[in-house]
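Let me begin by presenting the structure, written as structure tokens, before commenting on it.
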Number of protein chains: 2
Amino acid sequence: MARQYNCGLDAAMDVIGGKWKALILWALHTEELRFGELRRAVTGISEKMLIQQLREMESRKIVHREVFRQVPPKVVYSLTPLGRSLNEALLPLGAWGQDNVELLESTAAREPAA
Amino acid sequence: MARQYNCGLDAAMDVIGGKWKALILWALHTEELRFGELRRAVTGISEKMLIQQLREMESRKIVHREVFRQVPPKVVYSLTPLGRSLNEALLPLGAWGQDNVELLESTAAREPAA
DNA sequence: CGGTATCCATCATGATACTG
DNA sequence: CAGTATCATGATGGATACCG
């Protein structure tokens, strides 16, 4: 089941790869959120993708899922300690992106929504 | 042509997203490499993907491409200052991956090559 | 050596509808 | 509210062959 990584960066990229995981991590980094709140926080994501990404992050021990058995149902997602450490490791990258956001937007390949 | 990013991390992930860019960046972070050297350095990549990724990184001003007009042809790739700053911003992430490589390998979803 | 071109398989993502 | 199920599609990655 396991796979081998070429280096730590390879492993880390596997964990936060894809369009959504970094955004979900960021949304959860200050506060825990319910499913619906998370959906609104991560603009543009579908329910299916949100669930899918959350399940993957849960299996990686990045995200903790807690169910409150009540009516209406309530499920709260939060970062695990590992998730928080990942978020901290991503801070310099986020800062780099912000520092260069203009250049990056001007050299981006595709335009998703006009 | 441009696109808007939700946050700096979003922008950064767009730059190093995909399976290969982080590995290429890492391969170039110590020394400039010729096309063939790079191909051997990034294990498993095809010529097509390598070229494709390099072109994208070139257009993002992450990688510099220098052609030596001679026989046999020689093309050398190196990091730009922006590329080096990106690499530094990725160091904590790489360290995080290394710190947790065992957990990450054991919770990885797929196994690419047995 | 350092590419290009073409075709193809797969996977990630998305739209929509339905459920406990 | 918090999901699941199904189907469709487009991007991503890979194999192979050819070119200057």
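These values consider heavy atoms only, across backbone and side chains, with no hydrogens, waters or symmetry-generated copies.
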- Task: Could you tell me whether Phe68(B) contacts a base, only the sugar-phosphate backbone, or nothing, with contacts defined as non-hydrogen atoms closer than 4.0 Å?
- Result: nothing

- In terms of side-chain heavy atoms of Lys74(A), which of dT13(C), dG3(D), dA2(D) is nearest? dA2(D)

- Message: Any base atoms under 4.0 Å from Gln70(B), or only sugar-phosphate, or nothing? Heavy atoms, all strands.
- Response: nothing

- Does Leu79(A) offer a backbone N or O that forms a donor-acceptor pair with the side chain of Glu32(A) under 3.5 Å? no

- Query: Rounded to the nearest Å, what distance is computed from the CD atom of residue Gln52(B) to the P atom of nucleotide dG13(D)?
  - Reply: 8 Å

- Item | Distance in angstrom units between Leu33(A) CG and dG3(D) P, rounded | 13 Å

- Task: Could you tell me whether the phosphate oxygens of dG3(D), OP1 or OP2, come under 4.0 Å of any side-chain nitrogen or oxygen in Tyr77(A)?
- Result: yes

- Task: Give Arg34(B) one of three labels, base, sugar-phosphate or nothing, depending on what nucleic acid heavy atoms sit under 4.0 Å from its own.
- Result: sugar-phosphate

- Query: OP1 or OP2 of dA2(D) sitting under 4.0 Å from any side-chain N/O of Arg65(A)?
  - Reply: no

- Return the value, rounded to whole Å, for the distance between atom CG of Leu54(A) and atom C1' of dA12(C). 16 Å

- Message: Which residues in residues 16-26 of chain A have a heavy atom closer than 4.0 Å to any atom of DNA chain D?
- Response: none

- Item | Derivation of the side-chain contact (heavy atoms from CB on, under 4.5 Å) call for Cys7(B) and Leu23(A) | CA-CA 8 Å; Cys7(B) 64; Leu23(A) 296 174; 4.1 Å; yes

- Item | Test item: Asn87(B) side-chain N/O and Gly83(B) main-chain N/O as donor-acceptor pair under 3.5 Å | no

- Item | Between C1' of dG3(C) and CE of Met49(B), the distance in whole Å | 15 Å

- Glu102(A) atom CD, neighbour heavy-atom count above 12 within 6.0 Å: no

- Which of the following nucleotides, dT4(D), dG3(C), dC1(D), is nearest to the side chain of Phe35(B)? dG3(C)

- Item | Joint cluster assignment, Met57(A) & Val101(B), ILVMFWY side-chain distance < 4.5 Å | yes

- Task: Using a cut-off of strictly less than 4.0 Å, decide whether Arg55(B) has a side-chain nitrogen or oxygen near OP1 or OP2 of dT4(C).
- Result: yes

Enumerate the protein-to-nucleotides 16-20 of chain D contacts in which both atoms are nitrogen or oxygen and the separation is below 3.5 Å.
none

- Arg60(B) side chain to Thr107(A) backbone, donor-acceptor under 3.5 Å: yes

Could you tabulate the donor-acceptor pairs under 3.5 Å formed by side-chain atoms of residues 61-76 of chain A, not counting sequence neighbours?
from: Arg65(A); atom 1: NE; to: Tyr77(A); atom 2: OH; distance (Å): 3.3

- Query: Arg40(A) has an atom CZ; how far is it from atom P of dC1(D), in whole Å?
  - Reply: 7 Å

- Message: If you apply the rule salt bridge (Lys or Arg N to Asp or Glu O under 4.0 Å), what do you find for Lys19(B) with Asp10(A), and how did you get there?
- Response: CA-CA 8 Å; Lys19(B) 267 171 73 175; Asp10(A) 189 14; over 6 Å; no

- Item | Nearest-nucleotide pick for Gln53(A), side chain only, options being dT4(C), dG3(D), dT13(C) | dT13(C)

- Message: For Leu50(A), is there any backbone N or O sitting under 3.5 Å from a side-chain donor or acceptor partner on Gln53(A)?
- Response: no

- Message: Walk me through whether Arg55(B) and Glu58(B) qualify under salt bridge (Lys or Arg N to Asp or Glu O under 4.0 Å).
- Response: CA-CA 5 Å; Arg55(B) 291 287 139 86; Glu58(B) 214 189 325; 3.6 Å; yes

- Query: Can you tell me how far C1' of dT13(C) sits from CD of Glu56(A), to the nearest Å?
  - Reply: 12 Å

- Query: How many Å lie between CG on Leu38(A) and C1' on dA2(D), as a whole number?
  - Reply: 12 Å

- Message: What contact category does Arg69(B) fall into here, base, sugar-phosphate, or nothing, at under 4.0 angstrom with non-hydrogen atoms?
- Response: nothing

- Query: What is the distance from CG of Leu50(B) to P of dT12(D), rounded to the nearest Å?
  - Reply: 17 Å

